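These numbers come from the heavy atoms of this one structure, side chains and all, not from hydrogens, waters or symmetry mates. Keep in mind that what you see is a predicted model, and the values were worked out from it rather than measured.
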Amino acid sequence: MSDLSKIKILHIDSNHPLLWEQLENAGFTNEADFTSTKEEVENKIENYHGIVIRSRFKIDKTFIDKAKNLQFIARVGAGLESIDCDYAESKNIKLIAAPEGNCNAVGEHALGMILSLFNRLNNADKEVKSGQWNRESNRGTELDGKTVGIIGYGNMGKSFAKKLRGFDVEVLCYDILPNVDDENAKQVSLQELQQKADVLSLHIPWTPETDKMVNSNFINQFAKPFWLINTARGKSVVTADLVVALQSGKILGAGLDVLEYEKLSFETLFEGDKPEAFEYLLQANNVLLTPHIAGWTIESKEKLAQVTVDKIISLYL
């Protein structure tokens, strides 16, 4: 192993302390900057060999051009859409992500959303707390006997499918890669999934191909009314088209951990007036909203950090 003390790593987001500690114990030199602007970081990034980020700002060509000595970019999370990956790789910069770290959390959250929607848990809870005791209008639906379609069968999709093993359901998956299915899901064409699914769960990265993927045309290709779960990326779903489908009954209910309106950092929503479609989601009792927390558990914070550390150290072994 080379002299790791010469490898300077800049941390621009806070993470689980084990990440810093284990890198330090391995011999790396750590420095932190959680407050400077992107431009200020660009002005000094040539002094570093590695950078550890979550989603504070976009690492674009301008940034990469100034990072003359950068050997790796490590994102403590699953997706790399905040990085110009092709350009970074053209400069021989290694890219590290940690989808293994929060896939279990995402799988559990997606299942929780389905069970909550099917059994009207959030709606019933709200009504009882406001003094209403409505049994018939809160009659639930059972998951057994349904077909669950998963689009995107990587770490997240596989974790979710594994969680469904205790239910008497058929699980189908669609992915752009061939032969990714396993004992928990059968890989099919998108057309077959749209013919059979009662539930659709998205586990896809945000790419040019998945941007605005779930639009009216896509929704109307489903043979049956279905439930939608999105714990992936908000910009894959056209909210206005989702609302039309909820109003018509084509989509029976939606569990959304991510929204089209999120900022790139995922830390906040947009400012200003709320779009009409978003106002509808806020009022609908068959829509469940959470603030991008599917992969955001106590355990996943530690696991994400550990996976990231292990991958950084392995670069220099």
Side-chain angles (χ1 to χ4, degrees), residues 1-59 63-64 66-83 85 88-89 91-109 154-156 159 205 231 257 264-268 291-317:
M1 190 185 289
S2 56
D3 181 6
L4 296 182
S5 65
K6 292 191 172 74
I7 306 294
K8 288 177 67 178
I9 301 174
L10 181 64
H11 300 248
I12 62 168
D13 289 291
S14 61
N15 285 293
H16 193 285
L18 78 78
L19 197 152
W20 182 286
E21 290 163 8
Q22 290 190 20
L23 288 173
E24 193 169 65
N25 292 340
F28 293 94
T29 299
N30 289 313
E31 291 183 17
D33 185 344
F34 301 159
T35 55
S36 291
T37 64
K38 176 174 179 280
E39 289 71 27
E40 287 167 340
V41 175
E42 280 174 357
N43 288 336
K44 64 178 182 181
I45 193 61
E46 66 180 338
N47 300 320
Y48 298 94
H49 306 98
I51 186 166
V52 177
I53 64 166
R54 284 209 321 266
S55 303
R56 200 165 115 213
F57 52 68
K58 193 165 175 58
I59 295 191
F63 188 97
I64 293 164
K66 296 198 171 179
K68 297 193 187 330
N69 295 302
L70 208 59
Q71 296 170 5
F72 72 84
I73 301 167
R75 177 160 187 268
V76 187
L80 291 169
E81 68 267 27
S82 60
I83 302 164
C85 295
E89 288 175 334
K91 299 284 187 180
N92 294 318
I93 297 171
K94 295 275 192 287
L95 301 175
I96 292 171
E100 306 93 332
N102 61 353
C103 60
N104 183 72
V106 170
E108 290 190 9
H109 195 94
N155 288 281
M156 308 297 169
S159 170
T231 55
D257 180 54
L264 185 67
S265 70
F266 310 135
E267 297 299 322
T268 52
H292 204 131
I293 54 167
W296 200 250
T297 60
I298 292 163
E299 293 85 356
S300 74
K301 184 176 183 181
E302 183 170 343
K303 284 190 251 183
L304 283 165
Q306 190 63 63
V307 170
T308 305
V309 168
D310 293 345
K311 289 186 177 182
I312 291 172
I313 291 173
S314 72
L315 289 179
Y316 295 94
L317 290 178

Nearest heavy atoms of N47 and K8, plus distance in Å | O-CD, 3.7 Å

To the nearest 0.5 Å, atom OG1 of T37 lies from atom CZ of R56 at 8.0 Å

At their closest point, which heavy atom of S300 faces which heavy atom of G295, and how far apart are they?
-> OG-O, 2.6 Å

Give, for atom CD1 of I12 and atom OG of S36, the distance between the pair rounded to the nearest 0.5 Å.
-> 10.0 Å

Would you please classify the geometry between the Y316 ring and the F28 ring as parallel, tilted or perpendicular, with 30° and 60° separating the classes?
-> perpendicular

Where the side chain of H109 meets the backbone of T297, is there a donor-acceptor pair that is under 3.5 Å apart?
-> no

Separation of H16 NE2 from K301 NZ (nearest 0.5 Å) = 6.5 Å

Least distance between heavy atoms, T308 atom then A74 atom = CG2-CB, 3.8 Å

Quick one: are D257 and I293 in side-chain contact, heavy atoms under 4.5 Å?
-> yes

When rounded to the nearest 0.5 angstrom, what distance separates CG in L80 from CD1 in I96?
-> 10.0 Å

I51 vs I45 side-chain heavy atoms within contact, under 4.5 Å = yes

Spell out, as yes or no, whether a donor-acceptor pair under 3.5 Å connects the side chain of N155 to the backbone of C103.
-> no

Would you name the heavy atoms of E100 and A97 that are closest together and state the gap between them?
-> OE1-O, 4.2 Å

Taking the side chain as every heavy atom from C-beta outward, state whether K6 and H49 have any atom pair closer than 4.5 Å.
-> no

Heavy-atom distance under 4.5 Å between the side chains of T231 and M156, does that happen here?
-> no

Between L4 and A26 the two heavy atoms that sit nearest each other are CD1-O, 3.2 Å

Side chain to side chain contact (heavy atoms under 4.5 Å, CB included) evaluation trace for K311 with F72 | CA-CA 10 Å; K311 289 186 177 182; F72 72 84; over 6 Å; no

Do other residues, nucleotides or ligands put more than 12 heavy atoms under 6.0 Å from K58 NZ?
-> yes

Donor-acceptor pair, R54 side chain versus S14 backbone, under 3.5 Å?
-> yes

Take W20 and V52 through the test side chain to side chain contact (heavy atoms under 4.5 Å, CB included) and record every step on the way to the result.
-> CA-CA 10 Å; W20 182 286; V52 177; over 6 Å; no

Indicate whether any N or O donor in one side chain lies under 3.5 Å from an N or O acceptor in the other, for S55 and R75.
-> yes

K38 bridged to E42 by N-O distance under 4.0 Å = yes

How long is the span from the CD1 atom in I93 to the CG atom in N69, to the nearest 0.5 Å?
-> 10.0 Å

Does a side chain donor of either E108 or N104 reach within less than 3.5 Å of an acceptor in the other side chain?
-> yes

Are the side chain of N30 and the backbone of I9 linked by a donor-acceptor contact shorter than 3.5 Å?
-> no

Can you find a pair of side-chain heavy atoms, one from N102 and one from W296, that are under 4.5 Å apart?
-> no

Where I59 and F63 come nearest, the two heavy atoms and their spacing | CG2-CD2, 3.6 Å

Only one of V76, L19, D33, I53 forms a side chain to side chain contact (heavy atoms under 4.5 Å, CB included) with H11, so which one is it?
-> L19

